[in-house]
Amino acid sequence: MPRPHAPHLRPVPDPDHDADAVAQRRADEALIVDVEGYEGPLDLLLTMARTQKVDLLKISVLELAEQYLVFVEKARALRIELAADYLVMAAWLAFLKSRLLLPPDPEAEGPSAEDMAEHLAFQLERLSAMRQAAERLMGRDRLGQTRFARGAPETVTRARRTEWQAGLIDLMRAYARLKTKDEFRPFAFDRTDVFTMEQALDRLRRMIGFAGQWTDLSVFLPEGWSSEPARRRSATAATFAASLELARQGRLEIRQSDTFAPISYRERSNDDRA
Amino acid sequence: MTTAPDTADFPPPPMAEQERMVEAILFAAPAPVSMRELAARMPQGCDPAEAVRALRASYAGRGVVLERIGDGYAFRTAPDLSFLMQTETVEARRLSRAAIETLAIIAYHQPVTRAEIEEIRGVAVNRGTLDQLIEMEWVRMGRRRQTPGRPATFVVTEGFLDHFGLESARDLPGLSELRAAGLLESRPPSDGLAPPLVGRDDEDDIEPEGPAEDLFEDE
Amino acid sequence: MTTAPDTADFPPPPMAEQERMVEAILFAAPAPVSMRELAARMPQGCDPAEAVRALRASYAGRGVVLERIGDGYAFRTAPDLSFLMQTETVEARRLSRAAIETLAIIAYHQPVTRAEIEEIRGVAVNRGTLDQLIEMEWVRMGRRRQTPGRPATFVVTEGFLDHFGLESARDLPGLSELRAAGLLESRPPSDGLAPPLVGRDDEDDIEPEGPAEDLFEDE
């Protein structure tokens, strides 16, 4: 039973009844023969919609659905293999048709049948509009067809110019760098005038056994480190530090009679150590 | 040595001379030249916009006209004289209907994703079609859409505008009517609203090596 | 030329139109077009010679001129505008340390011989370095020194003074000023050690990025 919002609904015509039906059948058969020529179901639907000869937004989607379903049936009868998307569209349109024919189910979720039909009509109209737009586009004055660019464009030579960047500050800094080059050298500890504590320990360990009696610190300084003040200071400090280490180990004794008086060492005997 | 300060002291050449300069530059160039490039090539202090305006007026109705194409300007022969140009006519590469429709959809709906093109055409876009349009330099990749999956979008190029004699994509024929009719609105189909899109199977025959997205990954 | 019976009856287009036709044909042609070819391409009864003459006159003094080349005619950009037919890309580059040092020595010690430059720098001066400075027009040859071997001397140029904003080379700051500006520090700033606080303010004005990096950079 037709619903009021589907005014275009009409019964499927009996194929053998009238001339209209014959024409319709021929058209359908032509579609079937041409199926290879269509770019999918939407394209086919658009062609079918055109046969309704109305504004695409006013087409009867229900009628279109029926037309499409008849087409698919006939294709099957003729054993024409339709691509999957044609069958999916058929299933979708069958679903849409049933929903359009039934009274709306208030419990139903998702879009209403009217929304679905309207969207399909919109899709068809949009596709049609894009096809017209494409045609108009291709009909324009196209470059190389009716409009032409310069046939012999002149070459533009590309010159590269290098702009050197240097400011006064760079210049001054460079000069400053040069003039102070000798003063500026990477920091490195000057070891030539340094007598290390390791060296002093080594020396003291070897010498203390031979000293026997109280012997002044200066005697333990290495050769050549007594005359030059910087070297003497370094050697004295290292030797004194080394003597403290040996005293801690109990290997020597240290004696200083008075403040700033000479410091002297002697080996600590084994008896004392016990 | 910097030359800019020296030349800035000179007054710019008279407008008639600037017009000559623009004329020479545009005549020589094979492709549209932008206002910025004109300014860069002309002496300091020139007003290329004004020179272009004057030049355009003086070429109105001539056998060669000054066209605005996107950001640039170029001389092109007057379309009404195309009948004289048989020898210059280049054999247009034959585009498939799919390619022409895809091109139109990109032009009118740009920036548009592949999924949107497919939704409009009702069939899968095979990669060859987009490749062809990109190769012809009529279509290029736009920004990625900031939606899940960040799909690539497609837009038309200046070469497209030049080829079809358009100042800008806003001058596409019938654009405002289509917009007024709501046919350019993006109406993402909600679940169940639109018929499902099939046809990926065919596409697989064409491109067995994988989905098209890979091609356009390096945007 | 064969006259087709049906077209011969039409009067030829007006001369202004013929001029347009020649203009479009010559513009689009990849090579000069001969009078004969023009006649063949234009409608019956046209007078291409007259049209070329008229067109040539109307392009006189423009940025584009209609030239006769061999047997044919072609548009060419006006010779006086050839300078526009090149684009110049400017590439900013920093001078090498060797170049800037050599330049500084010449500026402070001019006239100075190559041997003297080498003595101050402590390394041989690369021929390319001096050539570069001369090519840049910041340095030129001065008088030969009246010493054995009469070595050439080098001096800085007007262009140098112009670039560095100096009235004369004597305006270059002396060593004491360099020291005051913090450019001459007697102690090398090492990592993690703050530069001396004295004179920091002035120094900041001059070289906000700090002196340490440049001093030890590789040559």
Side-chain angles (χ1 to χ4, degrees), chain A residues 38-46 57 83-93 95-96 109-112 115-116 118-120 122-156 161 163-164, chain B residues 1-2 25 27-31 41 65 67 74-82 85 88-90 92 95 97-98 100-101 103-105 107-109 119-124 162-166 172-175 178 181-184 187 189-199 201-202:
Chain A
Y38 290 96
E39 277 203 86
L42 202 61
D43 187 17
L44 176 61
L45 276 170
L46 185 57
L57 275 179
D85 44 350
Y86 286 85
L87 302 178
V88 171
M89 178 63 91
W92 188 83
L93 286 173
F95 168 70
L96 176 60
E109 290 187 5
S112 71
D115 289 343
M116 290 164 73
E118 196 205 352
H119 190 79
L120 181 62
F122 166 75
Q123 277 184 297
L124 292 172
E125 199 199 2
R126 184 175 58 181
L127 180 59
S128 168
M130 281 300 112
R131 290 201 171 152
Q132 283 167 22
E135 251 169 62
R136 288 171 78 175
L137 202 55
M138 299 315 276
R140 287 186 65 83
D141 287 321
R142 290 164 60 188
L143 193 66
Q145 307 296 312
T146 57
R147 289 154 53 248
F148 296 84
R150 179 88 187 270
E154 286 161 62
T155 47
V156 173
R161 186 162 63 92
E163 197 159 85
W164 295 98
Chain B
M1 200 181 314
T2 52
I25 293 172
F27 235 84
R41 283 172 66 180
V65 291
E67 290 185 1
F75 280 116
R76 300 288 181 244
T77 60
D80 68 301
L81 298 175
S82 65
M85 303 296 168
E88 269 78 33
T89 307
V90 284
L95 282 175
R97 196 176 89 171
I100 293 168
E101 273 180 32
L103 179 65
I105 291 168
Y108 283 82
H109 290 262
E119 214 261 316
I120 293 169
R121 295 199 65 230
V123 283
D162 194 12
H163 184 90
F164 291 100
L166 295 162
L172 283 163
L175 186 74
L178 289 171
L183 290 168
L184 300 182
R187 283 201 207 173
S190 52
D191 275 348
L193 188 63
L197 177 74
V198 206
D201 295 353
D202 307 283

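The analysis underlying the following values was restricted to heavy atoms, covering all of them including side chains, and did not include hydrogens, waters or symmetry mates. For clarity, every value in this text was computed on a predicted model and none was experimentally measured. So you know, we letter chains A, B, ... as the sequences are listed, proteins then strands, and number each from 1.
Both the backbone and the side chain of A/Leu143 have a heavy atom closer than 4.5 Å to some heavy atom of chain B. Only the side chain of A/Leu120 comes within contact range of chain B, with at least one heavy atom under 4.5 Å from a heavy atom of that chain. Interface remark: B/Phe164 contributes backbone and side-chain atoms alike to the contact with chain A (heavy atom separation under 4.5 Å).
Here A/Leu137 contributes atom CG and B/Glu101 contributes atom CD; the two are 12.0 Å apart, rounded to the nearest 0.5 Å. Summarising the geometry, atom CG belonging to B/Leu178 is positioned 9.0 Å from atom CD belonging to A/Glu125; distances are rounded to the nearest 0.5 Å. Note that the OG atom of B/Ser82 and the CD atom of A/Gln145 stand 9.5 Å from one another [nearest 0.5 Å]. Note that CZ of B/Arg121 is 7.5 Å distant from CG of A/Leu127, once rounded to the nearest 0.5 Å.
Taking B/Ile25, B/Leu172, B/Ile100 one by one and counting their heavy-atom pairs under 4.5 Å with chain A, the maximum is reached by B/Ile100. Ranked by heavy-atom pairs under 4.5 Å with chain A, the list B/Leu103, B/Thr77, B/Ile105, B/Leu81 is led by B/Thr77. The candidate from A/Gln132, A/Glu135, A/Met138 with the greatest count of non-hydrogen atom pairs under 4.5 Å with chain B is A/Met138. The residue among B/Val65, B/Leu175, B/Leu166, B/Asp80 with the most heavy atom pairs within less than 4.5 Å of chain A is B/Leu166. Chosen from A/Pro41, A/Gly40, A/Gly144, A/Ala152, the residue pairing most often with chain B at heavy-atom distances under 4.5 Å is A/Gly144. When the candidates B/Arg76, B/Met85, B/Glu67 are compared by the number of heavy-atom contacts under 4.5 Å with chain A, B/Arg76 comes out ahead. Contact count against chain A (heavy-atom pairs under 4.5 Å) is highest for B/Pro173 among B/Ala31, B/Gly174, B/Pro173.
The heavy-atom pair separating B/Pro30 from A/Ala149 by the smallest distance is O-CB, 4.4 Å. Of all the heavy atoms in B/Glu119 and A/Leu42, the pair that sits closest is O-CD2, 4.5 Å. Considering every non-hydrogen atom in both B/Gly182 and A/Phe122, the closest pair reads O-CE1, 3.4 Å.
Note on A/Arg142 versus B/Asp162: no salt bridge recorded, every NZ/NE/NH1/NH2 to OD/OE distance being 4.0 Å or above. Look at A/Asp43 and B/Arg97 and you find a salt bridge, because one of the NZ, NE, NH1 or NH2 atoms lies within 4.0 Å of a carboxylate O, short of that distance.
A/Arg140 places a side-chain N or O within 3.5 Å of a backbone atom of B/Gly165 that can act as its donor or acceptor partner. Put simply, the side chain of A/Arg150 gets close to the backbone of B/Phe27: a donor and an acceptor are under 3.5 Å apart.
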